[in-house]
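Every chain is numbered from 1 and lettered A, B, ... according to where its sequence line falls, protein lines coming before strand lines. What's counted below: heavy atoms across the whole structure, side chains too, no hydrogens, waters or symmetry copies. These numbers come from a predicted model, not from an experiment.
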There are 2 protein chains.
Amino acid sequence: MESEEIILALAALAQSTRLEVFRLLVGREPEGMPAGEIARELAVPANTMSAHLSVLARAGLIRSERRSRSIIYRADLDRFRAVATFLLKDCCGGRPEVCAPLIADLTPCCSPKEPARG
Amino acid sequence: MESEEIILALAALAQSTRLEVFRLLVGREPEGMPAGEIARELAVPANTMSAHLSVLARAGLIRSERRSRSIIYRADLDRFRAVATFLLKDCCGGRPEVCAPLIADLTPCCSPKEPARG
DNA sequence: CTAATTATTCCATAAATCTGGAAATATGGA
DNA sequence: TCCATATTTCCAGATTTATGGAATAATTAG
């Protein structure tokens, strides 16, 4: 994963509407959500939302697929994880003390080996 | 940690010079680095660099402290980790499958207090 | 084909960001 | 004091981003 892609992803999420969209789509995995419904849910005009969706898609954070008249958007969780991993490893590389508490913090929610619960 | 702060942090890192600065400062922990040396190292004019440092500082990702004529900048690793945690938990909350592979990926580099499989 | 639905592209405006020259501020030394 | 160093602030121009009205495209129903 290139630095350029990371910047694209960070920029895509660094905007309130788009961050909300991404959150919304993560919550709707794996079914996804049509563009119009996303716009309605967040009370944003359809064309404005279309521009935001395009930014998120160009950053690789969401994917679209036409289904009949609707275009269904889905969060790309693998990509999101890749971005987070890059960002953390980039700093964690020489600095385990950065990630150690983060792992500790995240582990109760979802540990690697076992299917997690709350 | 508020959404607003997250957006500020993401926007701060979503720019190539600033991402480089942050990387550089993480590598220079805990001594830090004077503003002028950062500018020289990345071949950016002092006033331009000052603007970028200001953005990173406003986002809470770096801190400054005057030492004689120099102003020493340091990465705020706790803050960085807080941003990463918020971002991950925000999505991980209902979706352990996002974080599980990430933890698995990060663990070899830096495990928490206890070995992960303990 | 025509109409309705869904979503995008085109276009213009407003706002924010990036950049760096010139001037200003802060510190320490002679 | 005056001077050099280190950094920031002021300012302006260039670029990018955000927003939404109007027009356009894609799909389906009748």
inquiry  = Using side-chain heavy atoms (C-beta onward) and a distance below 4.5 Å, is Asp78(B) in contact with Arg81(B)?
reply    = yes
task = Check whether any side-chain heavy atom of Glu29(A) lies under 4.5 Å from a side-chain heavy atom of Glu97(B), and answer yes or no.
result = no
key: CD/Glu31(B): more than 12 non-hydrogen atoms of other groups inside 6.0 Å   = yes
request  = Identify which nucleotide among dT8(C), dG28(C), dG20(C) has an atom closest to any side-chain atom of Ser68(B), counting heavy atoms from C-beta outward.
outcome  = dG28(C)
Test applied, side chain to side chain contact (heavy atoms under 4.5 Å, CB included); reference residue, Ile71(A); option that passes from Ser50(A), Ser64(A), Pro34(A) = Ser64(A)
message = For a 4.0 angstrom threshold against heavy atoms of chain B, report the outermost contacting nucleotides of DNA chain D in 5' to 3' order.
response = dA4(D) to dT9(D)
inquiry  = Pick the closest DNA chain D nucleotide for Ile72(B) and for Ala51(A) by heavy atoms, then say which residue is nearer the 5' end.
reply    = Ile72(B)
message = Classify Ser50(A) by what it touches in the nucleic acid, base, sugar-phosphate, or nothing, heavy-atom distance under 4.0 Å.
response = base
ask   = Over how many whole Å does the gap from Arg18(B) atom CZ to dT19(C) atom C1' extend?
value = 12 Å
ask   = Heavy atoms under 4.0 Å, any strand shown: does Ala35(B) hit a base, just sugar-phosphate, or nothing?
value = sugar-phosphate
task = Check whether any side-chain heavy atom of Arg18(A) lies under 4.5 Å from a side-chain heavy atom of Leu13(A), and answer yes or no.
result = no
note = In whole angstroms, the gap separating P of dT27(C) from CD1 of Ile71(B) amounts to 9 Å
request  = Would you indicate, yes or no, if dA16(C) has its OP1 or OP2 atom less than 4.0 angstrom from a side-chain nitrogen or oxygen of Gln15(B)?
outcome  = no
task = Please determine if a side-chain N or O atom of His52(B) lies less than 4.0 Å away from the OP1 or OP2 oxygen of dT17(C).
result = no
task = In whole angstrom, give the distance that lies between atom CG of Asn47(A) and atom P of dC10(C).
result = 13 Å
ask   = Can you tell me how far P of dA16(C) sits from CG of Leu8(B), to the nearest Å?
value = 14 Å
ask   = Checking all strands, does Thr48(A) fall into the base, sugar-phosphate, or nothing category for heavy-atom contacts under 4.0 angstrom?
value = base
key: Rounded interatomic separation in angstrom, taking CZ from Arg58(B) and P from dC18(C)   = 10 Å
query = Is there a side-chain contact between Val26(B) and Phe22(B), using heavy atoms and a 4.5 Å cut-off?
reply = yes
ask   = Just checking Arg67(A): base, sugar-phosphate only, or nothing, at a heavy-atom cut-off of under 4.0 Å?
value = nothing
message = Heavy atoms only, 4.0 Å cut-off, all strands: where does Arg40(A) land among base, sugar-phosphate and nothing?
response = nothing
ask   = Nearest heavy-atom pair of Asp76(A) and Arg79(A): which atoms, and what distance?
value = OD1-N, 3.0 Å
query = How long is the line joining CG of Leu13(B) and P of dT17(C), in whole Å?
reply = 15 Å
query = So which heavy atom on Leu88(B) is nearest to which on Ala84(A), and how close?
reply = CD2-CB, 3.9 Å
query = Expressed in angstrom and rounded to an integer, what is the separation of Leu42(A) atom CG from dA7(C) atom P?
reply = 14 Å
query = Would a 4.5 Å heavy-atom cut-off, applied to side chains only, mark Val98(A) and Leu102(A) as touching?
reply = no
query = For DNA chain D, which consecutive runs of 3 or more Watson-Crick or G-U pairs (each distance under 3.5 Å) count as stems?
reply = C:1-30 with D:1-30
ask   = Has the side chain of Glu5(A) got a donor or acceptor atom that lies under 3.5 Å from a matching backbone atom of Glu2(A)?
value = yes
